[in-house]
Amino acid sequence: MNHLRNIGIIAHVDHGKTTLVDQMLRQSGVFRSNETVHDRVLDSNDLERERGITILAKNTAIAYQDYVINIVDTPGHADFGGEVERIMQMVDGVLLVVDAFEGCMPQTRFVLRKALEKDLVPIVVVNKIDRPLSRPLEVVDEVLELFMDLGASDEQINFPVVFASAMQGTATTDLNQSPQDLQPLFDAIVKTIPAPDGDPSEPLQWQPSILDYSEFLGRIGIGRVARGKIRVGQQVSVLKADGSVASQRVSKLYGFQGLRRVEREEASAGDIVAVAGLGDLTVGETVADVNRPEALPSIAIEEPSLQMTFLVNDGPFAGREGAHVTSRKLRSLLYAELEKDVSLRVEDTDSPDAFLVSGRGELHLSILIETIRREGYELQVSKPRVIYRRDEFGELLEPIEHLVIDVPEEYVGTVMERIGMRRGDLSQMVPGTSGTRLEFLVPARGLIGFRSELLTATRGYGTMHHTYHSHQPHKGDIEDRQSGVLIASETGVATAYAIQSVEERGVLFILPGTEVYEGMVVGEHARDNDLVVNVCREKHMSNVRSATKEDTTRLKTPRLLSLEEALEYLADDEYCEITPKSIRLRKKVLRKGERERAQKVAATSVPR
């Protein structure tokens, strides 16, 4: 066990941890000299490659001198914090990667707090030291302040610091020296991170922290052996969350070597292995010796903060583009996702066609929706809603987010005004060389739809990051979307002629040639009320020559909404219809007359 090191790599999103793992793999000799290797090789998921972010935790192993270093790469976005929380069970130390320019960000605080709570040994890697305007020494001071703020022990505060450039594949412990490779980082890992504890002679205890699936082997659990040994063919007891015990047999056992899984006959305490043949194993359950079935502590995961209603697609175009449109199929898929994602919650509702899905944030839920649509499903979703709690005195509590906004100085006033309208409180303002950093505590519901508003208000210069802070007493009402929408009056194909006549009413969301139906949202109205428009009208033929006959129709560029933008834009009386090929906004009640009657009934039922 003394030759083994288990580490997790944690960081804020886009601070370079996956690129750093790439270089560690390359310099450890994992790849052949003539092998073609993609950048960010651990980001194997299509969505991860497209978005440039890590979504799922993944593990690999490298050899350095006489040591084997097991590395677990984790997501950097707060919405996937559940992945970070569960890998803390697998490692003895962490590499905290911090951008040499941006410094400590909201997710840096979140991931570090989780590591310190587990009493893990930290190594701080100040990355991107070759970036213009980098300030590595100032960032080290910021990290030290963060450690003290989070109540780190004296041993944890005395962390080693490695300055690195993941893109160049270099690292150094002294900025006055010219770095050559990542050897200083490897040396720091071997010297600082302790060998795993656990007695190989004791009865078996093993707990899965990551789940995978194989068509041939079924569900595969990946986790660390806490004590004892596990062998192929061994009869084991699986201790379930509900207290029941199931008897299973280990059919396959895999270790890790670079990016490959290598079959093993046996693994002992401290090893991170993949195990198959254990039935419907889930994260946090314990696999133990049949003669001494003792459970490990369950993995504590923070509760979801946002929920949406997922519905079967009942729109006029339902079934045209997707292969799976029934509630049975949708329910089966959602409950299958529960087995892999410990941060997700799915509940049945009074309607067989609707399911309440709760997650850690908009990105978490949008990634789930994108995954579902890519598997050929059609569905509709409602506007995201925050999840409230009540304290022991019955007071209503809501989730509060720690929001960090970097913005040019001339837009500071605008941003503070917009956040104030969303019940946010300014906690810190730090002027910098390239702009001003504003930190707020703001209700989570106030951030729904704010990202697009920030980009508009700052002409694209503003950037924002946020993470969960705490639950606090309800802050009061927040105004919903202030503009109305343009609604299609009939079913048909949108024409350039009709769109041109509607453009002065607002901003369109569709192109000419787009199929629309009655009740579909086709644009944003310039005023605060909804407006029904005809975007299918065609220019009538006549035998009278027009002076403008030969004029080319010039249209304004429409605003084509991405999935995240569509979810943020939704109002309470709207659905987002999602198919493998299309994303449409629609009113819950499609016909104009029925909408008006429903509004009158709602107005008369409000107590005066």
Side-chain angles (χ1 to χ4, degrees), residues 12-13 76-82 84-85 98 102-114 116-117 142-143 145-152 302-307 343 358-364 384-393 395-407 409 411-432 435-455 457-458 462-480 568:
H12 184 80
V13 63
H77 199 284
D79 284 14
F80 306 107
V84 178
E85 292 167 353
V98 186
E102 291 187 351
C104 295
M105 299 292 280
Q107 182 70 354
T108 310
R109 169 182 287 270
F110 172 81
V111 295
L112 180 59
R113 176 165 57 87
K114 294 298 177 184
L116 297 180
E117 286 174 357
E142 289 181 14
V143 174
E145 290 179 10
L146 181 58
F147 269 77
M148 293 188 290
D149 190 36
L150 293 175
E302 287 187 6
E303 291 297 311
S305 59
L306 206 65
Q307 64 182 195
S343 302
S358 305
R360 293 284 283 264
E362 287 177 88
L363 183 61
H364 183 200
R385 304 179 300 276
V386 300
I387 300 174
Y388 297 104
R389 298 180 188 170
R390 291 193 181 273
D391 60 15
E392 61 271 23
F393 305 108
E395 185 176 10
L396 187 66
L397 305 178
E398 66 173 330
I400 302 296
E401 298 280 310
H402 175 217
L403 171 68
V404 175
I405 297 178
D406 290 305
V407 66
E409 188 176 351
Y411 299 113
V412 168
T414 301
V415 171
M416 291 178 66
E417 180 184 357
R418 300 292 177 97
I419 291 293
M421 294 170 62
R422 294 170 179 262
R423 304 285 181 176
D425 297 320
L426 180 68
S427 58
Q428 191 173 9
M429 182 167 65
V430 182
T436 301
R437 174 167 293 180
L438 303 171
E439 297 190 22
F440 300 91
L441 293 179
V442 58
R445 59 196 167 97
L447 293 181
I448 296 175
F450 179 68
R451 190 179 301 273
S452 57
E453 184 179 329
L454 173 69
L455 292 173
T458 62
T463 61
M464 61 177 277
H465 301 280
H466 59 91
T467 188
Y468 170 78
H469 181 267
S470 62
H471 270 72
Q472 295 182 12
H474 192 268
K475 300 293 184 182
D477 294 336
I478 297 176
E479 285 189 21
D480 289 333
E568 288 181 348

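Just so it is clear, the structure is predicted and the values come from calculations on it, not from any experiment.
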Could Glu453 and Arg422 be called an ion pair, given the rule that one side-chain N must be under 4.0 Å from one carboxylate O? yes

Identify whether the distance between the nearest side-chain nitrogen and carboxylate oxygen of Glu395 and Arg390 falls below 4.0 Å. no

Asp477, CG atom: more than 12 neighbouring heavy atoms under 6.0 Å: no

Less than 4.5 Å apart, side chain to side chain, heavy atoms only: is that true for [X] and [Y]?
{"X": "Ser358", "Y": "Leu306", "value": "no"}
{"X": "Met416", "Y": "Met421", "value": "no"}
{"X": "Pro443", "Y": "Val386", "value": "no"}
{"X": "His471", "Y": "Leu396", "value": "no"}
{"X": "His466", "Y": "Phe450", "value": "no"}
{"X": "Val404", "Y": "Leu438", "value": "no"}
{"X": "Pro473", "Y": "Leu397", "value": "yes"}

How long is the gap from [atom1] on [X] to [atom2] on [Y], to the nearest 0.5 Å?
{"X": "Gln472", "Y": "Leu441", "atom1": "CD", "atom2": "CG", "value": "6.5 Å"}
{"X": "Ile405", "Y": "Met464", "atom1": "CD1", "atom2": "CE", "value": "6.0 Å"}
{"X": "Leu447", "Y": "Phe440", "atom1": "CG", "atom2": "CZ", "value": "10.5 Å"}
{"X": "Ser305", "Y": "Arg389", "atom1": "OG", "atom2": "CZ", "value": "9.0 Å"}
{"X": "Thr463", "Y": "Arg451", "atom1": "OG1", "atom2": "CZ", "value": "9.0 Å"}
{"X": "Leu426", "Y": "Leu403", "atom1": "CG", "atom2": "CG", "value": "10.5 Å"}

Would you name the heavy atoms of [X] and [Y] that are closest together and state the gap between them?
{"X": "Thr414", "Y": "Ala457", "answer": "CG2-CB, 3.9 Å"}
{"X": "His474", "Y": "Gly476", "answer": "ND1-N, 3.1 Å"}
{"X": "Pro384", "Y": "Ile448", "answer": "O-CD1, 3.6 Å"}
{"X": "Leu146", "Y": "Cys104", "answer": "CD2-SG, 3.9 Å"}

Check step by step if side chain to side chain contact (heavy atoms under 4.5 Å, CB included) holds for Leu150 and Glu117. CA-CA 9 Å; Leu150 293 175; Glu117 286 174 357; over 6 Å; no

Does a side chain donor of either His402 or Glu439 reach within less than 3.5 Å of an acceptor in the other side chain? yes

Strictly distance-based, threshold 3.5 Å: is any side-chain N or O of Glu401 a donor or acceptor partner for the main-chain N or O of Val442? no

Is there a donor-acceptor contact under 3.5 Å from the side chain of Arg423 to the main chain of Arg445? no

Identify, with sequence neighbours excluded, every residue that meets ring pair (Phe, Tyr, Trp, His ring centres under 6.0 Å) alongside Phe147. Phe159

Give the intermediate values and the outcome of side chain to side chain contact (heavy atoms under 4.5 Å, CB included) for residues Thr436 and Met429. CA-CA 7 Å; Thr436 301; Met429 182 167 65; 3.6 Å; yes

Kindly indicate, with the supporting measurements, whether the criterion side chain to side chain contact (heavy atoms under 4.5 Å, CB included) is fulfilled by Val412 and Val407. CA-CA 7 Å; Val412 168; Val407 66; 4.1 Å; yes

Show, in sequence, the C-alpha distance, side-chain angles and deciding distance for Lys475 and Glu398, and conclude whether the salt bridge (Lys or Arg N to Asp or Glu O under 4.0 Å) test is met. CA-CA 8 Å; Lys475 300 293 184 182; Glu398 66 173 330; over 6 Å; no

